[in-house]
Number of protein chains: 2
Amino acid sequence: MKSKYVMVKDEIKSWILQGKVSPHEKIGTENDIMEIFDVSRHTVRQAIGDLEKEGWIYRWQGKGTFCADQSKRSKSHSYKTIGVITTYISEYIFSSIIRGIESYLSSTDYMFILTSTNNNIEKEKKCIDSILARNVDAIIVEPTKSAIYNPNINYYLNMETNNIPYVMLNALYPQLQAPSLTMDEEQGGYIATEHLIQLGHKKIIGIFKADDLQGVNRMNGFIRAHRAHNVPIIPGLIISYNTEDPREKIQNEIIHLFNNHKYDITAIFSYNDAIALYIINFFRELNINVPEDVSVVGYDDSYLAEMSEVKLTSVIHPKRTMGLDAAKLIVDLIEGKQQGSQLQSVIYKPELVVRTSTATAKT
Amino acid sequence: MKSKYVMVKDEIKSWILQGKVSPHEKIGTENDIMEIFDVSRHTVRQAIGDLEKEGWIYRWQGKGTFCADQSKRSKSHSYKTIGVITTYISEYIFSSIIRGIESYLSSTDYMFILTSTNNNIEKEKKCIDSILARNVDAIIVEPTKSAIYNPNINYYLNMETNNIPYVMLNALYPQLQAPSLTMDEEQGGYIATEHLIQLGHKKIIGIFKADDLQGVNRMNGFIRAHRAHNVPIIPGLIISYNTEDPREKIQNEIIHLFNNHKYDITAIFSYNDAIALYIINFFRELNINVPEDVSVVGYDDSYLAEMSEVKLTSVIHPKRTMGLDAAKLIVDLIEGKQQGSQLQSVIYKPELVVRTSTATAKT
DNA sequence: CCGTATTTGTTCGTATGTATT
DNA sequence: CAATACATACGAACAAATACG
């Protein structure tokens with residue numbers, strides 16, 4: 001004699017197997033099922049609860065009970081684990097992002113495996129291999145060398161066919177249409193540059209990272225701000241560098257520019273706070289004062305910005321929020337609470353914090 | 001807010017992970033559990049039911065509820081994975097340690113799951129639970145509130161019986177004899193203080209964290225240096241703080257001490273670089289100059305040390321090396337390349353980097 | 001072997017909380 | 001804001017399996 005809840009369970013399972021309900025179609029409310037089988041709500045919940053644990057259906061408080069996606073079932077996946085691929089672990093931005101990810105995930109049952117690529121495409125490949133081998137439920141990835149063609153695109157396409165959700169942080173591979181969390185870097189470059197122009201600066205050095213999209217976009221904003229305010233762009237004042245370049249290269253180029261345009265250059269827009277502080281540091285040794293002689297704008301609004309005696313004017317990066325949102329989004333994706341069509345990528349709007357590293361241009 | 005049945009569930013799970021119940025041992029009847037947690041039978045059954053589905057226990061009608069055999073629990077997953085439990089992810093020291101761990105592990109087939117406790121014992125418990133539930137091969141842990149008795153010791157003892165190796169970073173629980181990687185904090189406190197004394201300072205404020213062993217040991221070194229050089233120790237000049245305390249508390253105490261001993265205090269030894277820079281920052285606002293008016297010594301030799309216009313004299317912490325060595329040691333332990341008897345804990349010897357934040361005492 | 005107490009399994013009822021529409 | 005649907009929680013009763021004198 002089968003018990004009632006087992007009968008209910010078997011019957012609902014057969015609906016699914018017969019295709020009477022399709023994936024993501026509503027099964028019926030608990031009340032419906034109570035009436036259909038003439039049992040109590042508790043019995044229905046016992047049956048439904050079992051089916052959920054076994055992966056046949058999923059429940060959503062306030063909405064209803066739905067047929068699960070069968071293609072996802074029966075995978076011997078590792079228990080609630082998310083892979084995180086960063087470029088640099090130690091970079092100040094990313095440790096904030098990781099903290100955001102961690103603080104959200106710690107409120108769920110998910111944990112994460114952390115890897116870093118050191119912005120190296122070979123290593124990114126190795127990271128993806130290792131992570132996928134562990135059957136993670138999803139991946140959060142900060143693209144490596146996003147400005148350059150990435151030969152690992154196939155991995156990501158393959159994840160899509162295998163229903164492994166992934167989100168991109170900070171940048172995105174243009175070939176992929178994955179959900180992403182980025183900031184409007186172009187606008188960030190724009191407002192930082194505009195701030196300098198409005199202070200009367202006209203000869204502004206821009207320092208940008210050339211091998212990731214963030215750098216390219218910030219540069220575009222830098223250029224647009226010049227155009228918008230009718231300030232001529234001097235190509236020689238744009239300094240590009242790559243991940244592998246030593247910092248001294250930047251120092252040498254700046255000193256070279258200062259020697260050539262000695263009394264002209266009055267401001268610098270730096271790709272990030274670390275470079276900005278590096279510059280302020282060697283300016284100190286050269287007896288160039290910030291902001292009296294040169295104004296400097298950073299990017300990221302890291303805690304470095306307030307560490308020195310000169311407090312950096314900087315563009316705010318939503319570090320922690322970005323990590324939190326990414327974790328939340330990926331968990332929603334895993335648990336089917338977001339449909340493919342709804343995938344709303346987030347673009348954070350930049351803001352500028354004005355501190356003491358910028359001042360009116362000398363006349 | 002966790003629901004009751006989840007609390008019951010988590011607690012019973014932790015009994016198993018701590019080894020309070022052995023495989024096939026009876027957990028207790030539903031009635032027992034009802035009394036222990038003061039909940040209804042329904043709630044108990046919900047918790048127990050979940051745990052059964054997840055394979056932690058098995059039930060036998062008429063007999064009771066028993067602990068499942070952990071060794072049989074779906075060993076399939078967690079392929080070559082190490083759990084890492086930190087206190088703070090974002091803290092500058094730990095991101096270097098993590099980088100060290102990552103850079104060694106990336107040369108092997110191991111990966112790591114990262115969690116943080118925020119120096120909170122409850123959260124440490126949760127971290128260990130989650131990590132052990134994923135059948136990791138080993139654990140690297142930075143002890144939480146190491147100066148205070150830690151109720152999670154059972155977990156570590158149970159790991160030993162289950163042959164899960166673990167190493168401790170930065171501090172160790174005195175009750176455990178696990179391999180550990182620490183620095184000689186006492187000596188670090190000693191050389192920093194000695195440096196100040198040799199510069200002629202006699203009234204030195206010492207700021208120490210009270211709830212971890214590193215702080216306690218650094219303070220011991222601070223005291224020993226005074227004794228060794230026949231400088232009287234003024235108890236009122238030692239400032240203790242806890243993880244939860246706001247930084248303003250330190251600021252207020254320092255200002256208070258300065259007002260009371262106005263022309264006496266000439267130096268400060270700070271628990272770490274972050275606090276040291278915080279102090280230098282508010283000194284700047286008060287027009288107290290470092291090192292002319294006060295010398296400041298930090299600890300950790302983080303990159304913060306060179307960020308400001310005043311470069312911090314600081315005790316070197318082997319951050320990255322420590323992470324690397326820990327990763328190497330734990331992999332050796334997993335693969336049996338180290339025998340129990342050989343387990344050589346490492347104690348790093350501190351060194352002092354003298355920069356511009358310290359100078360001869362005013363006379 | 002029987003009977004009783006114990007322990008888990010099934011089922012119903014009821015109330016309140018929380019998320020979604 | 002109200003209605004709907006799932007989530008949590010307490011209580012009660014009876015059934016079925018087991019243990020033990």
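Quick caveat, the model's predicted, so the values are computed rather than measured. So that the names make sense, note that chain A is the first sequence line, chain B the second, and so on, each numbered from 1.
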Suppose we screen for ring-ring contact (aromatic ring centres under 6.0 Å, His included). Which residues come up paired with Tyr166(B), at least two apart in sequence or across chains?
Tyr156(B)
Who passes ring-ring contact (aromatic ring centres under 6.0 Å, His included) against Phe66(B), sequence neighbours left out?
Tyr58(B)
In B/S/- notation (B base, S sugar-phosphate only, - none; protein heavy atoms under 4.0 Å), nucleotides 12-21 of chain D written 5' to 3' is -B--BBSS--
Would you say [N] has OP1 or OP2 under 4.0 Å from some side-chain N or O of [X]?
{"X": "Lys4(A)", "N": "dC12(C)", "answer": "yes"}
{"X": "Thr65(B)", "N": "dT8(C)", "answer": "yes"}
{"X": "Arg59(A)", "N": "dA5(D)", "answer": "no"}

Comparing Val39(A) and Lys26(B) on DNA chain C - which has the more 5′ nearest nucleotide
Lys26(B)
Residue mapping more 5' on DNA chain C - nearest nucleotide basis, His42(B) or Thr29(B):
Thr29(B)
Please name all residues satisfying salt bridge (charged side-chain N to carboxylate O under 4.0 Å, His left out) with [X], sequence neighbours left out, ordered by chain then number.
{"X": "Glu52(A)", "value": "Arg59(A)"}
{"X": "Asp10(B)", "value": "Lys2(B)"}
{"X": "Glu102(A)", "value": "Lys123(B)"}
{"X": "Glu30(A)", "value": "Arg41(A), Arg45(A)"}

Side chain of Ser40(A) (C-beta onward), nearest among dT11(C), dC10(D), dG9(C)
dT11(C)
Quickly work out the [X] [atom1] to [N] [atom2] distance and round it to whole Å.
{"X": "Glu35(B)", "N": "dT7(C)", "atom1": "CD", "atom2": "P", "answer": "11 Å"}
{"X": "Gln46(A)", "N": "dT8(D)", "atom1": "CD", "atom2": "C1'", "answer": "15 Å"}
{"X": "Asp32(A)", "N": "dT4(D)", "atom1": "CG", "atom2": "P", "answer": "12 Å"}
{"X": "Arg45(B)", "N": "dT8(C)", "atom1": "CZ", "atom2": "C1'", "answer": "6 Å"}
{"X": "Ile27(A)", "N": "dA5(D)", "atom1": "CD1", "atom2": "C1'", "answer": "15 Å"}
{"X": "Phe37(B)", "N": "dT8(D)", "atom1": "CZ", "atom2": "P", "answer": "17 Å"}
{"X": "Ile57(B)", "N": "dT7(C)", "atom1": "CD1", "atom2": "P", "answer": "16 Å"}
{"X": "Ile33(A)", "N": "dC12(C)", "atom1": "CD1", "atom2": "C1'", "answer": "17 Å"}

Which pairs, with at least one residue in residues 139-156 of chain B and sequence neighbours excluded, count as a salt bridge (charged side-chain N to carboxylate O under 4.0 Å, His left out)?
Lys145(B)-Asp211(B), Lys145(B)-Glu244(B)
Under 3.5 Å, is there a donor on one side chain and an acceptor on the other for Arg134(B) and Thr81(B)?
no
Does one side chain, of Tyr5(A) or Asp50(A), offer a donor that lies under 3.5 Å from an acceptor on the other?
no
Measure all distances between protein nitrogen or oxygen atoms and nitrogen or oxygen atoms of nucleotides 1-3 of chain D, and list the pairs falling under 3.5 Å.
none

